[in-house]
Peer 1: 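Take a look at the following structure, please.
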Amino acid sequence: MSIDLVKELNSEQAKAAANINGPSLIIAGAGSGKTRMLTYRIAYMLEQGIQDREILALTFTNKAAKEMKERISELTKGNYKHITATTFHSFGLGLLKQYIQYLGYKNNFTVYDTNDNTSLLRNVIVTLGYDLSNYNISSLLALFSDIKCERHKEIQNKDSALEEIYNEFIATQKAYNVVDFDDLILLPIKIFEKRPDVLNIVQERYKYILVDEFQDTSLLQYKFITLIAKKYQNIAVVGDDDQSIYSWRGANYQNIVNFEHDFPTLKEFKLERNYRCSGNILEAANTIITHNEKRKEKKLWTEDSKGSQIYVTSNEDEEEEAYYIAQHIKDRSRKEGLAYSDFAVLVRTNGLLSKLETALMENSIPTQVSGGQSFFDRKEIRDLLCYLKVIVNIDDDVSLLRIINTPRRGIGRVTIEKLRQHADKKKTSLFDALSDFAYAADAPVSGKTKEALKNFVQMVIGWQNLAENNQKASLLSTIIDDISYREKLHEDYPDSPKSVDYKMQSLEFLRQRISRYEKSNPDTSLRDYLNLVMILGEENSDVEKGKVNLMTMHAAKGLEFNTVYLAGIEDNIIPSSRALEENPANIEEERRLFYVAVTRAKKELTITYCENRKDRMGENHLCLPSRFIEEIPNQLISNKVAGEEETSTEDKLAALSAMLEKLRKK
DNA sequence: TCGTAAACTTTTTTT
DNA sequence: AAGTTTACGA
């Protein structure tokens, strides 16, 4: 391998790629060839004799991590398999797997996602005798996360009830032997602080560090990465303050300033040449973002031609909008010979996805939706995952509670309450209490209930044995059989055998996934898989060829498409009214989000908004076009429709039949 | 303990 | 509007 940076990259890119020793701060504008630069940088490092296992590349999202891995492996022809390219969270998980026992956790810990945390917090509040209706669980979880991550010093006004709930919540997580997403970053830091020897091992292992999407790192993540980089100082951070869109979950682009302060010997690079967007789109983006006051000065430029204008269209309501876009994509792809995968429809919120998805489907346009309800959030999947989680970590009471009477096996509210009291008194897990009741002569339950408990305990123990014998995929089938899950589904959906089949099919997908994982990672455990699933979520199906991409603006970051539709560009949606209510200064982040959305388009951009729209309570509201549309210079906007020409008879027929179908449904 | 009906509640964005 | 949670009677 011989790398000629100057030949492959522009001069700024080449300088950034070549500066592999010491700290670097690389400001990389949208579409400035950042990933290309990073990939070459890594290739160059390897050529300079740096060991692949010494390189750590951290990104923020799974998508970005996956893409980086692929690009590196392409460029280095699949040699150098030991580069660590992953997200902060999975890297943290890996560290915990190795070292969590230093913090007094058992090493069979499992990961809790937001769903699990929600159930846990509800349980805690009820157990402590408070009234659930006085608390908003999600905002409480957000507050607790702030406290845990030291974004908030302490509970306001020393609210003693809240303090009690917080302390109990944290203590219960530990008692259940579970960690949440925050812990995946926080606990490794605690380990580093407690055990300098561990920190040293990690520092020696990862001598070259790279952080992508640096503007999205939280203070905690910054602390985490700085600890590791402190020793060798070979750290490159790459980011763009204009694309910071995650401040609501602790991302702090002030980290760029912190970095300048903490690594005074850094070299700074700015990539401002844009290779992605045509001239008009880039000019619109540049103009929009200058309305933000708090930003690092930069101006993207391109040698590309102006290209087409930006199309702005209004529709009567969200249904019209969806059909308009679907119809339009069909036209464009046929006339321009574009593949469906060249198109993307981007929206502000997940809730806007479903109408669009239906419209695309009804026009038989193949669609790839990312975001929305994840595979792993489906009820049947969660049910079975909870079975697996209990088998792996018997202390996990939240998961146990979910499965204890699903399907119904005669262990109801009353019994569960008795079990909890017993567990509380004896300071054991709920499962221990269960076994006690199942076998003790004087258990305060009826003979029938006792039989049910005994059965359940025996099943779980049987599954645990199977799990130890390492047949993860077949274990899942065994559980489904043992608990008669198909029959349960039939009871739940007595008049829809179709949805039963569909759900059973989902479970079959899950089984296949586990078995695939089992094959490609023969030496890892079921627990590893479960933990991975919690933070990986949906297995990123490869950017599918021939499908229109439908997703949120957040999910689109880092991606690019020939033709982009931005739907629902109305005030209250973007900028989001909720964000502005919370703090008027949030307008800048909303604008950055819009900027990110606009800069996804390479050749053509269409913006649509509606005259009215139903909110999620089903009420109709008038809407106004987003104020951000006015920030686009007038001469860049066309009120014509992209590729406006005659519609073919064929298309008119198709539109007509789609309309009929719609009517027939109503 | 279970089934049905009524009541209630939705964070915008994700690991 | 849709989904889940609670309430009550059998």
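Numbers restart at 1 for each chain; the letters A, B, ... are given by sequence-line order, proteins then strands.
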Peer 1: How would you list, by chain and number, every residue that makes a side chain to side chain donor-acceptor pair (under 3.5 Å) with A/N393, sequence neighbours excluded?
Peer 2: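 Listed in chain order: A/T110.
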Peer 1: Strictly by side-chain hydrogen bond (donor to acceptor under 3.5 Å, both in side chains), give each pair with a member in residues 182-192 of chain A just once, sequence neighbours left out.
Peer 2: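 Only A/S145-A/D182, A/K148-A/D183 qualify under side-chain hydrogen bond (donor to acceptor under 3.5 Å, both in side chains).
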Peer 1: Under 3.5 Å between N/O atoms: give me all the protein pairs with nucleotides 2-4 of chain B, atom names plus distance.
Peer 2:
{"unit_1": "B/dC2", "atom_1": "OP1", "unit_2": "A/G410", "atom_2": "N", "d": "3.3"}
{"unit_1": "B/dC2", "atom_1": "OP2", "unit_2": "A/N405", "atom_2": "ND2", "d": "3.4"}
{"unit_1": "B/dC2", "atom_1": "N4", "unit_2": "A/R413", "atom_2": "NH2", "d": "3.1"}
{"unit_1": "B/dG3", "atom_1": "OP2", "unit_2": "A/R408", "atom_2": "NE", "d": "3.0"}
{"unit_1": "B/dG3", "atom_1": "OP2", "unit_2": "A/R408", "atom_2": "NH1", "d": "2.7"}
{"unit_1": "B/dG3", "atom_1": "OP2", "unit_2": "A/R408", "atom_2": "NH2", "d": "3.2"}

Peer 1: In whole angstrom, give the distance that lies between atom CE of A/M534 and atom P of B/dT14.
Peer 2: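 From A/M534 CE to B/dT14 P: 17 Å.
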Peer 1: For A/E582 and for A/F181, locate the closest nucleotide of DNA chain B by heavy-atom distance; then report the residue assigned to the nucleotide nearer the 5' terminus.
Peer 2: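 Going by which nucleotide is closer to the 5' end, it is A/E582.
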Peer 1: Please determine, for the side chain of A/S576, which listed nucleotide (B/dT15, B/dT12, B/dT14) has the closest atom?
Peer 2: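 Within the option list, the nearest is B/dT12.
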Peer 1: Go through the structure and list residues passing ring-ring contact (aromatic ring centres under 6.0 Å, His included) with A/Y176, not counting sequence neighbours.
Peer 2: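 If we apply the ring-ring contact (aromatic ring centres under 6.0 Å, His included) test to A/Y176, skipping adjacent residues, there are no hits.
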Peer 1: Under 4.0 Å: is that the gap between some side-chain N or O of A/T415 and OP1 or OP2 of B/dT1?
Peer 2: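 Yes, such a contact exists.
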Peer 1: A/R627: which residues meet the side-chain contact (heavy atoms from CB on, under 4.5 Å) condition with it, sequence neighbours left out?
Peer 2: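 In terms of side-chain contact (heavy atoms from CB on, under 4.5 Å), with neighbours along the sequence ignored, A/R627 is linked to A/D571, A/P575, A/L580, A/I587.
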Peer 1: Atom CD1 of A/I573 and atom P of B/dT12: how far apart are they, to the nearest Å?
Peer 2: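 Rounding to the nearest Å, CD1 of A/I573 and P of B/dT12 are 11 Å apart.
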Peer 1: Quiz question: going by heavy-atom distance under 3.5 Å, is there a donor-acceptor pair between the base of B/dT12 and the side chain of A/R578?
Peer 2: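 Per atom types, no contact qualifies.
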Peer 1: Let me know the distance between NZ of A/K418 and C1' of B/dT1, rounded to the nearest Å.
Peer 2: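 About 11 Å, once rounded to whole Å.
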Peer 1: Among residues at least two apart in sequence or on other chains, which ones pass ring-ring contact (aromatic ring centres under 6.0 Å, His included) with A/F169?
Peer 2: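 Listed in chain order: A/F144.
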Peer 1: Within the 4.0 Å heavy-atom criterion, would you say A/F60 contacts the bases, only the backbone, or no part of the nucleic acid?
Peer 2: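 The residue A/F60 makes sugar-phosphate contact but no base contact.
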Peer 1: Does A/K614 NZ have over 12 foreign heavy atoms under 6.0 Å away?
Peer 2: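 Atom NZ in A/K614 is not packed in, count stays at 12 or less.
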Peer 1: So which heavy atom on A/G568 is nearest to which on A/R613, and how close?
Peer 2: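 Looking at all heavy atoms of both residues, the shortest contact is CA-NH2, 3.3 Å.
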Peer 1: Using OP1 and OP2 only, check whether a side-chain N or O of A/N350 sits under 4.0 Å from B/dT13.
Peer 2: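 It does, given that an N or O in the side chain of A/N350 lies less than 4.0 Å from OP1 or OP2 of B/dT13.
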Peer 1: Starting at the 5' end of DNA chain B and moving along, which residue's nearest nucleotide shows up first, A/I137 or A/E589?
Peer 2: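 The residue whose closest nucleotide sits nearer the 5' end is A/I137.
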Peer 1: Let's see if you can work this out: which of B/dT11, B/dT15, B/dT13 has an atom nearest to the side-chain heavy atoms of A/T61?
Peer 2: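 Among the listed nucleotides, the one closest to the side chain of A/T61 is B/dT15.
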Peer 1: What's the closest nucleotide to the A/T87 side chain, out of B/dT15, B/dT14, B/dT13?
Peer 2: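 For A/T87, the side-chain atoms sit closest to B/dT15.
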Peer 1: Figure out the CG/C1' separation between A/L184 and B/dT15, and round it to whole Å.
Peer 2: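 Distance, rounded to whole Å: 8 Å.
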Peer 1: Can you check the A/L220 CG to B/dT15 C1' distance for me, whole Å?
Peer 2: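 It works out to 13 Å between those atoms.
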Peer 1: Using atom CG of A/L580 as one end and atom P of B/dT13 as the other, report the distance to the nearest whole Å.
Peer 2: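 In whole Å, B/dT13 P lies 16 Å from A/L580 CG.
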Peer 1: For A/F376 and B/dT15, give me the distance from atom CZ to atom C1', rounded to whole Å.
Peer 2: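 Checked: the CZ to C1' distance equals 15 Å.
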Peer 1: Taking 5' to 3' order, which nucleotide of DNA chain C is first and which is last to have an atom within less than 4.0 Å of a heavy atom in chain A?
Peer 2: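 Endpoints of the contacted stretch of DNA chain C: C/dA1 to C/dC8.
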Peer 1: Under the rule for ring-ring contact (aromatic ring centres under 6.0 Å, His included), what residues qualify as partners of A/Y609, not counting sequence neighbours?
Peer 2: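 Counting only residues at least two positions away or on another chain, A/Y609 forms no ring-ring contact (aromatic ring centres under 6.0 Å, His included).
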Peer 1: Quick check, are the ring centers of A/F628 and A/H291 under 6.0 angstrom apart?
Peer 2: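 No, they do not, as the ring centres are separated by 6.0 Å or more.
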Peer 1: I'd like to know if A/T349 reaches the base of B/dT12 with its side chain, counting only an N/O donor and acceptor under 3.5 Å.
Peer 2: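 By the distance-only test, no, there is no pair.
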Peer 1: Can you list everything that forms a ring-ring contact (aromatic ring centres under 6.0 Å, His included) with A/Y112? Sequence neighbours excluded, please.
Peer 2: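 Per chain and number, A/Y112 pairs via ring-ring contact (aromatic ring centres under 6.0 Å, His included) with no residue.
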Peer 1: Give the rounded distance in Å between these two atoms: CD1 of A/I245 and C1' of B/dT13.
Peer 2: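 About 8 Å, once rounded to whole Å.
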Peer 1: Has A/T552 got a side-chain N or O lying under 4.0 Å from the OP1 or OP2 atom of B/dT14?
Peer 2: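 Yes, A/T552 has a side-chain N/O under 4.0 Å of OP1/OP2 on B/dT14.
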